Number of protein chains: 2
Amino acid sequence: MEKSGSPSGTQAVQRAMSVLACFRDGGPTLSASDLARRTRLSTSTAHRLARALVSTGFLEQDARTARYRLGPSMTELGQLSFHQRGLHRVAPELGQLARATSATVDLAIRNGPHAVILIGGSVDPESGTGLRRPLHSTALGKVLLAWAPPGEDDVAALGPLRPQTERTIVDPEDLRAEIERVRKAGYALNDGESSHGVRTLAVPVLDRAEQVRYALAVRSTPEVITDTRIGWFAMHARACARALEVLLLSPEERRITDF
Amino acid sequence: MEKSGSPSGTQAVQRAMSVLACFRDGGPTLSASDLARRTRLSTSTAHRLARALVSTGFLEQDARTARYRLGPSMTELGQLSFHQRGLHRVAPELGQLARATSATVDLAIRNGPHAVILIGGSVDPESGTGLRRPLHSTALGKVLLAWAPPGEDDVAALGPLRPQTERTIVDPEDLRAEIERVRKAGYALNDGESSHGVRTLAVPVLDRAEQVRYALAVRSTPEVITDTRIGWFAMHARACARALEVLLLSPEERRITDF
DNA sequence: TGAGATTTCCTATATTGTGGGAATATGGAG
DNA sequence: CTCCATATTCCCACAATATAGGAAATCTCA
């Protein structure tokens, strides 16, 4: 099928994961043939993979309709991941930042070409926890790119840069320049590049290797985050990010001395 | 290796899922050899599966220590699963039940031989969201067994019934009798069977096929949930469960008329 | 610096996943 | 109620893919 630059020797597993990934864009339930269509796999293969995922609890099949939905293992391990990262401990910090800045606060992590919001300041399902945002058109994404480990900082690997508004950066060269600017400034700005009338400022949460683990954003309107106050917002966000750096690095990692 | 009663034709996928499952019992990070040991797979195989999971974002590998942790796709799809089930809409109902009863409220779903708490009334990581509890020693579990679909109600399939306290039901026959009692009464009781001094009452959240989708529990001390007030607690829990039944059945499922 | 453990890569083998196709079940329309 | 279209599930021969052994590279700790 694809020539697929991946040198991995695990077709079945990657296909199974792409079955799970269908639920990112699809509705809450998908039929076996939906899965086959979306993954471009044969009906038999999609069906067999789905059954394997059901047997391990990552999918669930409705007894009546035979449609699939994400299963209990997914929720369980998702929560576990949340706790194992220590994210349940950062809520107070984020709340404080939100109050100090009167802005909405998001904490995100990179997942391939997307930023996934781990803790969303909004309960709005359209911009809340679990949401995927593109890297090129968000402040979170620019931060995740600017401090990415070598090899994952390739703008070309993002594919076509889809415009969200007329301000969205769509030229890879422009994006590289923007990323360079972000790295120098220490924060990223998204001024209506993903949606109109929204201005977001993001900073990295770094580990000791100076690589980004999470991105932290404060989001509001241009009337609140004015040009002259950007420095002030950056300072507050940076302070919160530093607090998170302390909270989010596990004891095990912390014992590793750097110099 | 195992004779493995599963008639499925997907070894690689199931093995990959068992790699993910390692993180349920293990620490927040596991090394490649940890994974090989726990899954009883050869080093090469465990390593290759782990890499495939990393490439799809379900695992993450620390650049420094080369250890693995659960990845962003896990958190993302976990949250997605949460929302797609409509669970973000039930918080008010659960809060109301908690206030009315002055008890802790848990909502759980079955995952194989365990109950997974989807919304835990406690922020305590030891008894909060994402926790796995055994089916035989919890009120949640008894409910999930009592209304299980045919074929999944087999007590024998649970394996050995491990005692948690001296009150834990360990004889399969006793458990079957208890399940029968639960079904008749409409609620399950756990009186110190999983931990001392804790009494829990659980009721099912049923779909129209009279099969259990979720289990809802109120948990407190025997001084609060006294013998004489059990009926009162059951009534309140049952009322809340009915409200959840309305909330949690998707519109798609709802349009299916039953009689 | 050296011993031991761990991560990672490579390759031959056959076990395992693959997809065509047929049988069965489901739901909608007339 | 019956028929038709669509979707789900099962079966089987083929060969592509995952497997495990071993060796090299890297890291850890003394």
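Because the structure is a prediction, the values reported are computed rather than measured. Below, chain A is the first sequence line, B the second, and so on; all start at residue 1. Hydrogens, waters and symmetry mates are skipped; everything else that's a heavy atom, side chains included, is used.
- Taking a cutoff of 4.0 Å between a charged side-chain nitrogen and a carboxylate oxygen, Arg213(A) and Asp207(A) qualify as a salt bridge.
- Phosphate contact (OP1/OP2 of dA20(D), side-chain N/O of Thr45(B), threshold under 4.0 Å): present.
- Of the listed residues (Val54(A), Thr29(A), Val19(A)), just one forms a side chain to side chain contact (heavy atoms under 4.5 Å, CB included) with Tyr68(A), and that residue is Val54(A).
- Between the side chains of Tyr214(A) and Arg110(A), no donor-acceptor pair of N or O atoms lies under 3.5 Å.
- The phosphate of dT19(D) has OP1 or OP2 within less than 4.0 Å of a side-chain N or O from Arg48(B).
- Distance CG (Leu53(A)) to P (dG17(C)): 13 Å, rounded to an integer number of Å.
- Taken over five-pair windows at either terminus, the axes of the helix from dT1(C)-dA30(D) to dG30(C)-dC1(D) are inclined to one another by 70° (rounded to 10 degrees).
- Nearest heavy-atom pair across Arg24(B) and Leu80(A) is CA-CD2, 3.6 Å.
- Within the model, atoms CD of Gln211(A) and CH2 of Trp147(A) stand 12.5 Å from one another, a figure rounded to the nearest 0.5 Å.
- The CG-P distance, from Leu49(B) to dT17(D), rounds to 16 Å in whole Å.
- A salt bridge is defined here as a Lys NZ or Arg NE, NH1 or NH2 lying under 4.0 Å from an Asp or Glu carboxylate O, and Arg183(B) with Glu180(B) meets this definition.
- Between Asp25(A) and Arg38(A) there is no salt bridge, since no side-chain nitrogen of the basic residue lies less than 4.0 Å from a carboxylate oxygen of the acidic one.
- Contact record, Gly186(A) with Val203(A): O-CG1, 3.9 Å, taken as the closest heavy-atom pair.
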Could you list all N or O pairs between the protein and nucleotides 4-7 of chain C that sit under 3.5 Å apart?
unit_1 : atom_1 : unit_2   : atom_2 : d
dT7(C) : OP1    : Ser31(B) : OG     : 3.2
dT7(C) : OP1    : Ala32(B) : N      : 3.1
dT7(C) : OP2    : Ser33(B) : N      : 2.8
dT7(C) : OP2    : Ser33(B) : OG     : 2.8

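- Between Arg51(B) atom CZ and dT8(C) atom C1' the separation is 8 Å, expressed in whole Å.
- No side-chain heavy atom of Leu35(B) sits under 4.5 Å from any side-chain heavy atom of Leu49(B).
- When rounded to the nearest whole Å, the span between CD of Gln14(A) and P of dA18(D) equals 9 Å.
- Rounded to an integer number of Å, the gap from CG of Asp62(A) to P of dG27(C) is 11 Å.
- Within 3.5 Å, a donor on the side chain of Ser44(B) pairs with an acceptor on the base of dG21(D), or the reverse.
- In this entry the distance linking CD of Gln11(A) with C1' of dT19(D) reads 15 Å, nearest Å.
- Taking side-chain N and O atoms only, Arg15(A) has a distance below 4.0 Å to OP1 or OP2 of dG19(C).
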